[in-house]
Amino acid sequence: MSERVYLMCISCGREFERDTLIYTCSSCGDLLDVVVEPKSLFRRDTLQGRVDSMWRYKELLPSFDKGLVTLGEGYTRLVECKKLAKWIGVRSLYLKLDGLNPTGSFKDRGMSVGTSTALRLRMKRVICASTGNTSASLSAYSARAGLECIVIIPREKVAVGKLFQARLFNSKVFQMVGGFDDAMTVVLKCAQALDAYILNSINPWRLEGQKTTAYEIWEQLGRTDIAVAVPVGNCGNISAIWKGFKELGIHGVIKDLPIMIGAQAEGAAPLVEYWEKGLETIRPWKNPETIATAIRIGNPVNWKKAVRALRESKGLITAVSDDDVVKALRAMSSLEGLAGEPSSAVAIAASKKLVDEGRIDPDTTLVSVVTGNPLKDTSDYLISWNEPVKITDANEIIGYFSRQK
Ligand code: F0G
């Protein structure tokens, strides 16, 4: 059980009591971290026989006595991929299949903690902006929790599977002109008036759930002298995973901390620009554009936390073209029989690029986080390299293969 749980500003260090309804620091306006102080140090041997969800790490998570909202999120498979490792150019590669979560993305980890917190704060209504997965996940967890859910998404370029989920789980869906950043602005403007609890990753409780990916990689792989590649949009997940690894270090269960690798799409790469040009502050991109629609974000809310993760882990970040994303998706699917949505392929493409440029040591053990299920986005252009052949009878199939000889 957790002993003390509170919020702390990443900039001025001000602390806030756990049940404060707050998203950013009321003194300096910066982002907040959740701090969980367990009664004693966490030990690996306590995990035996525990539930096979992220709640197996309950000492390291905020506790919710009665009102825990869970759909069995987390403890997703970690699968070794030898052929894809060769394609990227690293010694070994493991894919962390977070598309196996209940609604098909890593967001479920965050929404379990997030909606449980909403209930704890006695909120009746929740709201989010989304490129799709956040809304799909929040919709499902809200249904489970009995919360009313409002979703604001860009009118175009949200993958059909994600929009389907938000509607299926009965959220009130608003489709807005503009992109994710515009939708996020609208959420921040109307949440208070609607008495709705914001469950985007500006909410630190979201990231508190998402940090469990790090615990699982450690437990499943048995080592942390690795690199971890993560696609970056609003900059929440890479920050959360890094927080998880750091906590394992604080508890003394690991000695080595991984190198975090951030991956963006060339058309939506404000963090890469910040990092490479050494800017003072992030410069928002007005019209981000990429086939990896989940990370089509120009003004990432959590950029400071992502910068912290990259600095502290001596990490790397790069951007890849949409063509390279399709190539990476094709490599994953045809070499390994595993795939993710395009944004997950961004991490594979970025890792290959960094190896080719000599920035990742070929001797590295790499874990790439497959953040979303491939069935979320079934756009034809992602698989244009494999056109179906239209036929009317068996002879055409036999003829097709005899021509192949
Ligand atoms: N991968 C997928 C599949 C995502 O849906 C997202 C973000 C990311 C990676 C990037 O994570 O934002 O924490 O850096 N999707 C959000 C959404 C923005 O609305 O579903 P991040």
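This chain uses plain numbering: 1 for the first residue, then up along the sequence. Quantities reported herein were computed from a predicted structural model and do not represent experimental measurements. Counting starts at 1 for both ligands and their atoms, in listed order.
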Cation-pi check, Arg403 onto Tyr400 ring (under 6.0 Å, within 45° of axis):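 Checked: cation-pi criterion not met.
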Around [atom], find the nearest protein heavy atom and jot down its residue, atom name and distance.
atom                    : answer
atom 3 (C) of ligand 1  : Asn133 ND2, 3.1 Å
atom 11 (O) of ligand 1 : Phe106 CZ, 3.6 Å
atom 13 (O) of ligand 1 : Asn237 N, 2.8 Å
atom 1 (N) of ligand 1  : Thr371 OG1, 2.7 Å
atom 21 (P) of ligand 1 : Asn234 N, 3.5 Å
atom 20 (O) of ligand 1 : Thr134 N, 2.8 Å
atom 8 (C) of ligand 1  : Ile295 CG2, 3.6 Å
atom 15 (N) of ligand 1 : Lys107 NZ, 2.9 Å

Partner of Thr76 under side-chain hydrogen bond (donor to acceptor under 3.5 Å, both in side chains), chosen from Asp52, Asp108, Asp98: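 The single option meeting the side-chain hydrogen bond (donor to acceptor under 3.5 Å, both in side chains) with Thr76 is Asp98.
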Any atom of ligand 1 sitting under 4.0 Å from a heavy atom of [X]?
X      : answer
Ser344 : no
Ser105 : no
Lys162 : no

Taking only heavy atoms of [X] into account, list the atoms of ligand 1 that are under 4.0 Å away from them.
X      : value
Val232 : 14 (O)
Ile297 : 18 (C)
Gly236 : 13 (O), 14 (O), 21 (P)
Ser130 : 17 (C), 19 (O), 20 (O)
Cys235 : 12 (O), 14 (O), 21 (P)
Glu341 : 3 (C)
Thr131 : 15 (N), 16 (C), 17 (C), 18 (C), 19 (O), 20 (O)

Nearest atoms (heavy-atom pairs only) where Arg18 meets Leu7: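 For Arg18 and Leu7, the tightest heavy-atom pair comes out as O-CD1, 4.4 Å.
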Any pair with a residue in residues 320-332 that passes salt bridge (charged side-chain N to carboxylate O under 4.0 Å, His left out), sequence neighbours left out, goes on the list, sorted by first then second residue, please.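 Those involving residues 320-332 are Asp324-Lys327.
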Could you tell me whether Lys124 and Glu148 have a side-chain N and a carboxylate O separated by less than 4.0 Å? no
Ion pair Glu357/Lys352, N-O distance below 4.0 Å: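 Not counted as a salt bridge, because no side-chain N and carboxylate O are separated by less than 4.0 Å.
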Looking only at N/O atoms, are Ser201 and ligand 1 under 3.5 Å apart anywhere?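 Ser201 vs ligand 1: no N/O contact under 3.5 Å.
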If only side-chain N and O atoms count, and only distance matters, is there a donor-acceptor pair under 3.5 Å linking Tyr57 with Glu219? yes
For the rings on Tyr197 and Tyr23, is their centre-to-centre separation under 6.0 Å?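 Judged by ring-centre distance (under 6.0 Å), Tyr197 and Tyr23 do meet the cut-off.
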N/O donor to acceptor pairs below 3.5 angstrom from side-chain atoms of residues 110-122, sequence neighbours left out:
from	atom 1	to	atom 2	distance (Å)
Ser112	OG	Trp55	NE1	3.1
Ser112	OG	Val69	O	2.7
Ser112	OG	Glu73	OE2	3.1
Thr115	OG1	Met111	O	2.6
Ser116	OG	Val69	N	2.8
Ser116	OG	Ser112	O	2.6
Thr117	OG1	Val113	O	2.8
Arg120	NE	Asp19	OD1	2.8
Arg120	NH2	Asp19	OD1	3.4
Arg120	NH2	Asp19	OD2	3.0

How are the rings of His251 and Phe42 set to each other: parallel, tilted or perpendicular (split at 30° and 60°)?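 Aromatic pair His251/Phe42 classed perpendicular.
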Residue pair Trp303, Tyr274: steps toward the ring pair (Phe, Tyr, Trp, His ring centres under 6.0 Å) verdict: CA-CA 10 Å; Trp303 70 272; Tyr274 166 89; 5.1 Å; yes
Determine, step by step, whether Thr364 and Arg91 satisfy the side-chain contact (heavy atoms from CB on, under 4.5 Å) criterion, reporting the C-alpha distance in whole Å, the side-chain angles of both residues, the deciding distance to 0.1 Å, and the verdict. CA-CA 6 Å; Thr364 299; Arg91 174 204 281 266; over 6 Å; no
